[in-house]
Number of protein chains: 2
Amino acid sequence: MPMESEPLFPPLARDALSQRIARILTDAIVSGQLKPGDRVAESVIARDLGVSRAPVREAGRLLESAGLLVSKANRGFFVRTIDAEDLDALYELRLCIEREAAARVVREGRLADILDPLRALIEQMVALSAEKRLMHQIVVDLQFHRLIVETSGNQRFLAVFDKLASEIQACTALIERVFDEPGMIARNHYLIIEALETGDPEQARSAMDYHIGVARKAVVEHFRKLEAEGGA
Amino acid sequence: MPMESEPLFPPLARDALSQRIARILTDAIVSGQLKPGDRVAESVIARDLGVSRAPVREAGRLLESAGLLVSKANRGFFVRTIDAEDLDALYELRLCIEREAAARVVREGRLADILDPLRALIEQMVALSAEKRLMHQIVVDLQFHRLIVETSGNQRFLAVFDKLASEIQACTALIERVFDEPGMIARNHYLIIEALETGDPEQARSAMDYHIGVARKAVVEHFRKLEAEGGA
DNA sequence: TCAAGGCAAATTGTCGACAGACGACAATTT
DNA sequence: AAATTGTCGTCTGTCGACAATTTGCCTTGA
């Protein structure tokens with residue numbers, strides 16, 4: 001007899017145009033087709049896609065709350081611009097969350113559940129780094145961190161992280177290659193695992209502090225340079 | 001000669017319909033007219049208010065990203081339910097943010113800018129506490145904390161705090177009177193100010209830790225009791 | 001009596017249309 | 001020539017209508 005708890009056919013995601021449209025727009029932003037500050041007019045998108053404006057609008061709101069778009073009254077949506085200061089604030093928030101999440105994972109003894117997946121993700125990163133596929137590497141990087149936050153068991157942490165992650169990913173096209181010391185970033189993640197393995201929440205916390213601190217400094221500096229040259 | 005930096009006429013904020021509707025719904029939720037789990041049907045609201053469904057929908061999305069509503073596909077909006085575990089996670093997140101914000105305020109020497117307003121807010125709280133106007137007191141309480149987060153200068157912190165605050169406020173109708181030791185909560189805020197005045201970020205951090213920790217425990221316990229008796 | 005299936009009401013998802021708001025450019029004044 | 005005002009096209013905010021989906025009820029059959 002069939003277990004009804006195991007859906008043989010997942011719900012055939014016809015969940016609505018709006019979600020599909022949101023994905024299309026997201027891809028366009030992440031891939032750099034749409035650049036920060038670009039206007040995203042409902043009517044234009046709707047015409048192009050051959051749908052009415054309603055689902056486009058819906059998708060816009062979705063991406064707005066994801067932090068990828070901003071809307072001005074009576075003017076519609078624009079791709080969110082982000083400056084170095086903003087990025088710095090973002091990373092500081094990320095720090096607060098992940099620091100605590102790492103400590104929680106250790107404290108509640110959940111580390112064993114995810115050690116293997118974490119290691120697998122690092123290996124993926126190393127491989128991608130060797131192939132110079134930075135954008136893809138960043139995705140896996142975020143998956144690594146997400147897994148830790150998810151395992152912390154605090155749903156709120158995860159929600160905030162996901163929002164931050166989507167914004168970070170949206171910057172990928174701008175980041176290009178921040179630092180390319182081959183496989184360095186990837187391998188640095190082993191330090192996090194080691195700290196987690198000590199079983200000491202405080203060490204987990206400070207390892208995460210350090211790791212994110214490094215990324216923060218690198219990314220923010222990179223952005224400051226971009227602003228200095230291309231800046232208004 | 002007129003200073004053009006001083007606008008004689010402020011921008012005549014004529015919020016869109018959707019914003020007004022969002023406010024109406026928010027009030028209904030905060031005041032307890034709409035209870036957690038209640039259905040909020042677009043069509044019904046639209047009929048009642050005498051507008052079309054579009055702005056109601058918009059308002060729904062707004063409150064969804066504020067965390068007051070949730071939406072199920074093809075089923076519409078429902079007032080968000082919140083359980084003790086969820087509240088606990090919420091307070092843990094709040095802790096992470098405010099702890100760091102307090103430290104930042106001290107570190108960047110911004111305390112002097114807000115000492116007076118903070119004291120004024122505490123006095124308001126004391127007064128409201130004496131009048132047993134708990135719901136109003138909570139609003140002022142949140143303003144106190146918001147001012148600190150705002151002054152920290154990290155926009156991300158503020159954004160997250162505002163979202164959390166709106167959810168906390170939405171629970172007010174359920175919290176009723178958690179603990180009523182007259183003026184106790186209000187006066188406890190002086191401890192925070194004292195810690196901030198030491199100029200030591202670490203003390204600021206731990207004062208905030210303690211303060212929010214107390215609130216967290218009280219609120220969560222209160223909720224557990226509610227669940228135990230009224231629980232499904 | 002109860003389960004299965006189907007029908008009807010209600011509600012959301014989507015659409016095309018219209019009026020008002022905004023930005024850009026042209027016309028006008030100083 | 002610079003600044004102000006008038007005009008126009010484009011886009012959003014809102015609307016009413018239709019299609020698709022869900023839910024609860026009612027019928028039907030064992």
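Each chain gets a letter, A, B and so on, in the order its sequence line appears, and its residues count up from 1.
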Could you work out, with salt bridge (Lys or Arg N to Asp or Glu O under 4.0 Å) as the rule, every residue matching [X], not counting sequence neighbours?
X	value
A:R53	A:E42
B:R224	none
A:E221	none
A:D162	A:R146

Reckon A:R53 touches a base, only the sugar-phosphate, or nothing at all at heavy-atom distances under 4.0 Å? base
Interatomic distance, [X] [atom1] vs [N] [atom2] [rounded to whole Å]:
X	N	atom1	atom2	answer
A:R75	C:dG23	CZ	C1'	6 Å
A:L69	D:dT12	CG	C1'	15 Å
B:R57	D:dG16	CZ	C1'	15 Å
A:R47	D:dC11	CZ	P	6 Å
A:L17	D:dT21	CG	P	12 Å

Of all residues at least two apart in sequence or in a different chain, which pass the ring-ring contact (aromatic ring centres under 6.0 Å, His included) check with B:F144?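 With neighbours one apart ignored, the set is B:H189.
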DNA chain C base-pair string [pairs: Watson-Crick or G-U under 3.5 Å; |: paired with another strand]: ||||||||||||||||||||||||||||||
For the backbone of B:S129 and the side chain of B:K132, can you confirm whether one donor and one acceptor N or O come within less than 3.5 Å of each other? no
Nearest listed nucleotide, side chain of A:S43, among D:dT12, C:dT14, D:dC15: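 Nearest nucleotide to the side chain: D:dT12.
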Closest approach to the side chain of B:N74, judged atom by atom: which nucleotide of D:dC15, D:dC11, D:dT22 is it?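 Closest of the options to the side chain of B:N74: D:dT22.
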